[in-house]
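Beneath this line is the structure, given in structure tokens, with notes to follow.
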Amino acid sequence: MEISVLAFGIARDIIKARSVVLEVSDGESVAGVVARLKQQYDGLEKLPSVLLAVNEEYVEDSYVVSQGDELAIIPPVSGG
């Protein structure tokens, strides 16, 4: 099944795209998707923490994604 992954901030810079389509297995958790993305894109593993949202709602790592879901990766934001 396919899901869309949206990347914001530094995550977008690392992935070099605002969004990517990812093929995932049935029953795969958000944590599994993020682990795969960290293997695929050097630099994501260096982010100290990220917020995760599926279909515009924050979720825990254990959330299981479904066909057509939109997973957003939101890294920490700094500013002054």
Side-chain angles (χ1 to χ4, degrees):
M1 72 179 166
E2 290 184 344
I3 65 166
S4 297
V5 178
L6 302 178
F8 295 92
I10 189 74
R12 179 174 52 201
D13 295 340
I14 293 168
I15 293 174
K16 296 182 171 68
R18 183 178 186 282
S19 66
V20 294
V21 174
L22 190 64
E23 184 74 27
V24 298
S25 303
D26 287 339
E28 190 158 4
S29 70
V30 168
V33 174
V34 171
R36 289 179 49 200
L37 289 168
K38 286 180 178 180
Q39 289 177 342
Q40 190 171 354
Y41 298 101
D42 292 339
L44 279 181
E45 74 282 347
K46 295 177 184 171
L47 296 178
S49 65
V50 294
L51 290 175
L52 303 167
V54 174
N55 303 326
E56 300 182 7
E57 291 190 32
Y58 291 111
V59 296
E60 299 293 325
D61 288 348
S62 60
Y63 182 90
V64 175
V65 295
S66 301
Q67 170 68 29
D69 276 352
E70 185 177 74
L71 170 64
I73 300 174
I74 308 162
V77 178
S78 63

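Nothing fancy with the numbering, it's 1 onward along the sequence.
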Quick check: does any side chain N or O of Glu70 sit under 3.5 Å from a backbone N or O of Val5, one acting as donor and the other as acceptor?
no
Check whether any side-chain heavy atom of Gln40 sits under 4.5 Å from a side-chain heavy atom of Leu22, and report yes or no.
yes
In terms of hydrophobic clustering (I, L, V, M, F, W, Y; side-chain heavy atoms under 4.5 Å; direct or indirect links), are Leu71 and Phe8 co-clustered?
no
Donor-acceptor pair, Glu45 side chain versus Gly43 backbone, under 3.5 Å?
yes
Just checking Gln67: does its CD atom have more than 12 heavy atoms from other residues, nucleotides or ligands closer to it than 6.0 angstrom?
yes
Looking only at heavy atoms, the pair that brings Ala11 and Leu47 closest together is CB-CD1, 4.4 Å
Please assess Ile14 against Lys46 for the test side chain to side chain contact (heavy atoms under 4.5 Å, CB included), listing each intermediate value before the final yes or no.
CA-CA 10 Å; Ile14 293 168; Lys46 295 177 184 171; over 6 Å; no
What is the minimum heavy-atom distance between Ser49 and Pro76, and which atoms define it?
O-CD, 2.8 Å
For residues Ile3 and Glu28, determine if any side-chain heavy atom of one lies less than 4.5 Å from a side-chain heavy atom of the other.
no
Do other residues, nucleotides or ligands put more than 12 heavy atoms under 6.0 Å from the CD atom of Glu23?
yes
Please name the residue in the list Leu52, Leu6, Leu51, Val50 that meets the side-chain contact (heavy atoms from CB on, under 4.5 Å) test with Ile74.
Leu51
Would you say Met1 ends up clustered with Val54 if hydrophobic residues are merged whenever their side chains have heavy atoms under 4.5 Å apart, either directly or through other cluster members?
yes
Considering all heavy atoms of both residues, which atom of Val20 and which atom of Tyr41 are nearest to each other, and what is their separation?
CG1-OH, 3.8 Å
Say you draw a straight line from CD1 of Ile15 to CD1 of Ile10; how long is it, rounded to the nearest 0.5 Å?
11.0 Å
Quick one: do Tyr58 and Val65 end up in the same hydrophobic cluster if we chain Ile, Leu, Val, Met, Phe, Trp and Tyr together by side-chain heavy atoms under 4.5 Å apart?
no
From the options Val59, Asp69, Ile73, select the one residue that forms a side-chain contact (heavy atoms from CB on, under 4.5 Å) with Val30.
Val59
